[in-house]
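The structure appears right after this line, and notes come after that.
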Amino acid sequence: MTRRLVIDTDTASDDAVALLMAVAGPDVEVDAVTVVAGNVPLAQGVKNALFTLAFCGAAEVPVHAGLDRPLVRRLGTATDVHGEDGMGDAGIVRSVGEPVAEHAVDALVRLANEAPGERDLVTLGPLTNVAAALVRDRDLLTKYRRTVMMAGSPDSVGNVTATAEFNVWADPEAASIVLNAPGEKVLVGWNISRRQAVMGPAEQQRLATLGTARARFVSDINVKVAEYCRTVTGLDGYDLPDPVTMAVAMRPELVRRSEKLPVSVALGDELRGQLIIDHRVAGRAGASAEVVWEIDEQGWKELLFAACSED
Ligand code: BDR
Ligand code: CA
């Protein structure tokens with residue numbers, strides 16, 4: 001069965017790896033890439049998405065530019081994590097092609113409505129575009145088969161603040177709108193990234209041994225993230241939040257343990273972007289998302305290595 005994906009991304013280094021995995025997937029078709037401001041300003045994210053798709057031989061995938069700032073907050077980028085260009089400042093990103101004219105929000109609404117139940121939505125950035133699309137079409141997410149999101153930290157260990165994950169922190173109001181919308185939602189949070197999606201020394205060595213252009217690309221664009229992990233988050237290597245999310249979207253059977261839970265978002269300044277999860281039995285009736293607690297680590301990493309094996 002071919003899985004048809006629409007990918008919403010604030011394209012920086014780990015988003016780029018996720019795009020690479022999706023277009024390399026033999027039974028995956030990427031119907032559109034929609035870009036949102038987040039890791040980098042919108043124009044840079046669009047440039048990175050176009051470059052990455054062209055680099056992977058998938059220049060035909062349409063790239064739609066979306067919203068250039070969060071719904072309510074000021075844009076706070078993550079160039080300290082991913083580099084000024086979002087791609088590790090490795091000097092490899094060139095301008096390639098142009099985005100299509102259709103706005104990302106229009107594309108998200110059109111793609112859901114023209115073939116309800118046929119596509120999956122994967123979100124790799126702040127949820128601004130998706131929330132704006134939901135304002136237009138409240139049932140939007142019921143028309144995607146499911147929405148797999150790199151969003152939040154269900155165990156409240158943060159990467160951008162002590163308790164918040166970047167994508168939810170960047171636009172918490174948008175995340176709140178999305179979590180409250182009807183439709184099947186799967187959360188792959190920073191709990192998974194920091195435990196089961198770290199490229200440690202052995203994995204970095206395996207990537208280097210592949211010796212392909214794609215393997216070098218993955219390694220080069222993540223140099224800044226590796227530095228951030230060493231100095232801020234304290235991981236032994238660099239984590240790949242968006243690629244592990246893409247792996248779950250491509251192969252749902254990689255999920256080993258998950259729970260349907262009521263998830264909401266803290267909007268006050270002190271705990272901005274922290275996920276609030278009601279674990280009480282009484283609260284579970286209002287479950288809003290499937291929270292992933294454990295995945296098949298070796299399985300998803302094999303998908304990554306397979307994607308990097310081709311040149
Ligand atoms: C998320 O934020 C960004 O830094 C990454 O691209 C990922 O989507 C991780 O918190
Ligand atoms: Ca991202």
Side-chain angles (χ1 to χ4, degrees), residues 7-22 33-42 44-49 52 63 66-67 70 75-89 104 121-130 147-172 174-175 178 186-199 218 221-229 231-235 237-249 265 272-275 292:
I7 304 170
D8 190 71
T9 159
D10 56 337
T11 317
S13 47
D14 68 314
D15 301 70
V17 179
L19 290 179
L20 185 155
M21 285 174 66
V33 168
T34 57
V35 183
V36 65
N39 284 325
V40 286
L42 181 69
Q44 183 71 50
V46 169
K47 182 176 176 180
N48 294 345
T52 301
V63 173
L67 291 160
L75 175 64
T77 63
T79 50
D80 55 329
V81 183
H82 299 274
E84 280 306 312
D85 70 356
M87 301 283 273
D89 292 336
L121 176 61
V122 186
T123 75
L124 307 176
L127 289 152
T128 320
N129 283 344
V130 183
T147 301
V148 182
M149 302 185 270
M150 194 293 133
S153 185
D155 60 4
S156 297
V157 176
N159 58 1
V160 66
T161 69
T163 60
E165 179 280 327
F166 176 78
N167 289 339
V168 173
W169 174 89
D171 195 342
V178 173
V186 180
L187 283 192
V188 185
W190 204 62
N191 57 322
I192 296 295
S193 309
R194 71 173 198 279
R195 294 202 180 99
Q196 297 194 284
V198 178
M199 293 291 280
V218 170
I221 63 179
N222 279 294
V223 165
K224 291 275 176 189
V225 179
E227 178 65 11
Y228 187 83
C229 289
T231 56
V232 181
T233 46
L235 304 178
Y238 55 88
D239 63 319
L240 291 175
D242 295 341
V244 74
T245 304
M246 186 59 72
V248 168
V265 179
R272 169 180 169 176
Q274 181 177 332
L275 295 187
V292 176

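Note that ligands are numbered from 1 as they come in the structure, with each ligand's atoms numbered from 1 the same way. Worth knowing before you read on, the calculation uses all heavy atoms, side chains too, and leaves out hydrogens, waters and symmetry mates.
Here the N, O or S atom of Asp10 that is nearest to the Ca ion (ligand 2) is OD1.
Annotation: the span from Leu187 atom CG to Leu275 atom CG amounts to 6.5 Å, rounded to 0.5 Å.
Using modelled atom types, one finds a donor on one side chain and an acceptor on the other under 3.5 Å when comparing Ser153 with Asp155. Between the side chains of Trp190 and Asp239, a donor-acceptor pair is found at a separation under 3.5 Å. For the 3.5 Å distance criterion, the side chains of Asn48 and Thr11 fail to qualify, holding no donor opposite an acceptor. Between the side chains of Asp171 and Thr128, at least one donor N or O sits under 3.5 Å from an acceptor N or O.
At a 4.0 Å heavy-atom cut-off, the residues surrounding ligand 1 are Asp14, Asp15, Asn39, His82, Leu124, Met150, Asn159, Glu165, Phe166, Asn167, Pro241, Asp242, listed by chain and number.
Look at Asp242 and the Ca ion (ligand 2): an N/O/S atom of the residue is under 3.0 Å from the metal. At a cut-off of 3.0 Å, Leu124 coordinates the Ca ion (ligand 2) through an N, O or S atom.
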Extract all donor-acceptor atom pairs below 3.5 Å that involve side chains of residues 75-82 and protein atoms in other chains or at least two apart in sequence.
{"residue": "His82", "atom": "ND1", "partner": "Ser13", "partner atom": "OG", "Å": "2.7"}
{"residue": "His82", "atom": "NE2", "partner": "Asn39", "partner atom": "OD1", "Å": "3.4"}

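A pairwise comparison of heavy atoms in Asp14 and Asn222 identifies N-OD1, 4.2 Å as the closest pair.
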